[in-house]
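I have placed the structure first, in the form of structure tokens, so that the comments after it can refer back to it.
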Amino acid sequence: MDSITSLDKQYVAGTYGRFPVELVSGKGSILKDAAGKEYIDMGSGIGVTSFGIADDQWATAVANQALTLQHTSNLYYTQPCAELAQMLCQKTGMKKVFFSNSGAEANECAIKVARKYSAQKKGSQYYTIITLKNSFHGRTLTTLAATGQDHFHELFQPLTPGFAYAAANDVDGLKKLVAEVSAAGIMIECVQGEGGVQPLSQEFVSAAAKLAQENDIPLIIDEVQTGNGRTGALYCYMHFGITPDIVSTAKGLGGGLPIGATLMSEKVQDVLSAGDHGSTYGGNPVSCAGACTVIRRMDEDCLSSVREKSAYIFSALSGAPGIKNVTGMGLMIGIETERPAKTIVSECIEKGVLCLTAKTKVRLLPALNIPMEQLEKAVSVIKEVCAKKEDD
Ligand SMILES: *Cc1c(COP(=O)(O)O)cnc(C)c1O
């Protein structure tokens, strides 16, 4: 029989630089490869499996829903979709939810809502969405345009027009851009994830919210990576004391099945009407049943344990040999290392720990419920690998 790797290399499009690991199963924060070797999972997909691999509550809800009613189309009403929307609104104060299948789609919807709101309110020349340099908002041609990193844009021109980029944490620059362009929206990640796990400053987030409000420009918070408990609050914007008009999320919401959600505040809740937007799989009962078990568990106990584990990681790694700095919030952590991040990740794999990278950093996004003992073991491996010198 051909190995998983050789089949994949032959038949799967080469869009991913995969690590040489064939994963076959797991439980919680432990993954197993085809040879039976175990790994501690410090990435949870990319912040997707919020409560770990094959989590009992999640898997039971998903299996039961699959055995009951796996799909209906959006021509009919279904319980998991309605219940998830209610839970998201009650926990955030937002008023309406549109469900899709990914982060990029959640952002596409957010952009459509902001553009329609502004076109109706101010005129069709108000279409520009202001995003930030070093941001990441997705891979579709529109969310790629929203992404403020040139290297993603090369060779895919022309991208969707109508985006302008401000520098993160530059309040004056953002003010200037708002005055210059006919903005339909401001879209930010409170912690830039793919951009290297860089939190925005409180001053900048507050200023963005204030500018958006004063100029009646919908404020979109991209919570695809930061959302669903990841940073120690249900959504990261909650740490900053602001009220967004639109929140997009995905990744950890589904706990391992595809889902995207675009949450709309009172101001924009009725912008989209029948026929304006849609998605065949959007609000799929199986994905939503799984997501309900994720959001239901996001109580204060869960969030405070995320903050405690975060504090442990920061104190264990900050200032350790071979580590230049540690950034991030909650269980979304970036580590600037002296040796290349790719090398650190490869050596961690050999020692049975799976980590991620973000730009030049090692990135950690463990499951929110990773047991302390496994977290300590993984952190000690990461520490040991970071401390190594190139010629050791
Ligand atoms: C991952 C990510 C996206 C894209 O999500 P997909 O599900 O891959 O489409 C968008 N925004 C942010 C902040 C992300 O981290």
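Both counts, for ligands and for their atoms, begin at 1 and track the order of listing. Only a predicted model underlies this, so the values are computations on that prediction, with no experimental measurement involved. All values below were derived from every heavy atom in this structure, side-chain atoms included, with hydrogens, water molecules and symmetry-related copies excluded.
Less than 4.0 angstrom separates some heavy atom of E189 from each of these atoms of ligand 1: 13 (C). Taking every heavy atom of Q225 and a limit of under 4.0 angstrom, the matching atoms of ligand 1 come to 15 (O). Listed by number with element, the atoms of ligand 1 under 4.0 Å from a non-hydrogen atom of S102 are 7 (O), 9 (O). Of all the atoms in ligand 1, the ones that sit under 4.0 Å from a non-hydrogen atom of N107 are 10 (C), 11 (N).
If you take CG on N369 and CZ on F51, they are separated by 6.0 Å, rounding to the nearest 0.5 Å.
The single protein non-hydrogen atom nearest to atom 1 (C) of ligand 1 is K251 NZ, 1.5 Å, given as residue, atom name and distance. Of the protein's non-hydrogen atoms, the one nearest atom 6 (P) of ligand 1 is G103 N, 3.4 Å. Here the heavy atom of the protein found nearest to atom 4 (C) of ligand 1 is A104 N, 3.8 Å. Annotation: atom 11 (N) of ligand 1 to nearest protein heavy atom, D222 OD2, 2.8 Å.
Counting heavy atoms under 4.0 Å from ligand 1, residue A250 does not touch it at all. Under 4.0 Å from ligand 1, not a single heavy atom of E105 appears. Only the backbone of H137 comes within 4.0 Å of ligand 1, judged by heavy-atom distances.
Tested against N107, the residues D222, T140, T142 include a single side-chain hydrogen bond (donor to acceptor under 3.5 Å, both in side chains) partner, D222. Exactly one of K359, E189, R363 qualifies for a side-chain contact (heavy atoms from CB on, under 4.5 Å) with E194. That residue is R363.
Side chain of R297 to backbone of Q57: no donor-acceptor contact under 3.5 angstrom is found.
Note: F99 and Y281 fail the aromatic proximity criterion, with ring centroids not under 6.0 Å apart.
For the pair R115 and F163, the cation-pi test (distance below 6.0 Å, angle within 45°) is passed.
We find that K133 and D170 are not joined by a salt bridge, their nearest charged nitrogen and carboxylate oxygen being 4.0 Å or further apart. Between E180 and K176, at least one side-chain nitrogen of the basic residue sits less than 4.0 Å from a carboxylate oxygen of the acidic one, meeting the salt-bridge criterion.
Counting only heavy atoms, the protein never gets under 4.0 Å from atom 8 (O) of ligand 1.
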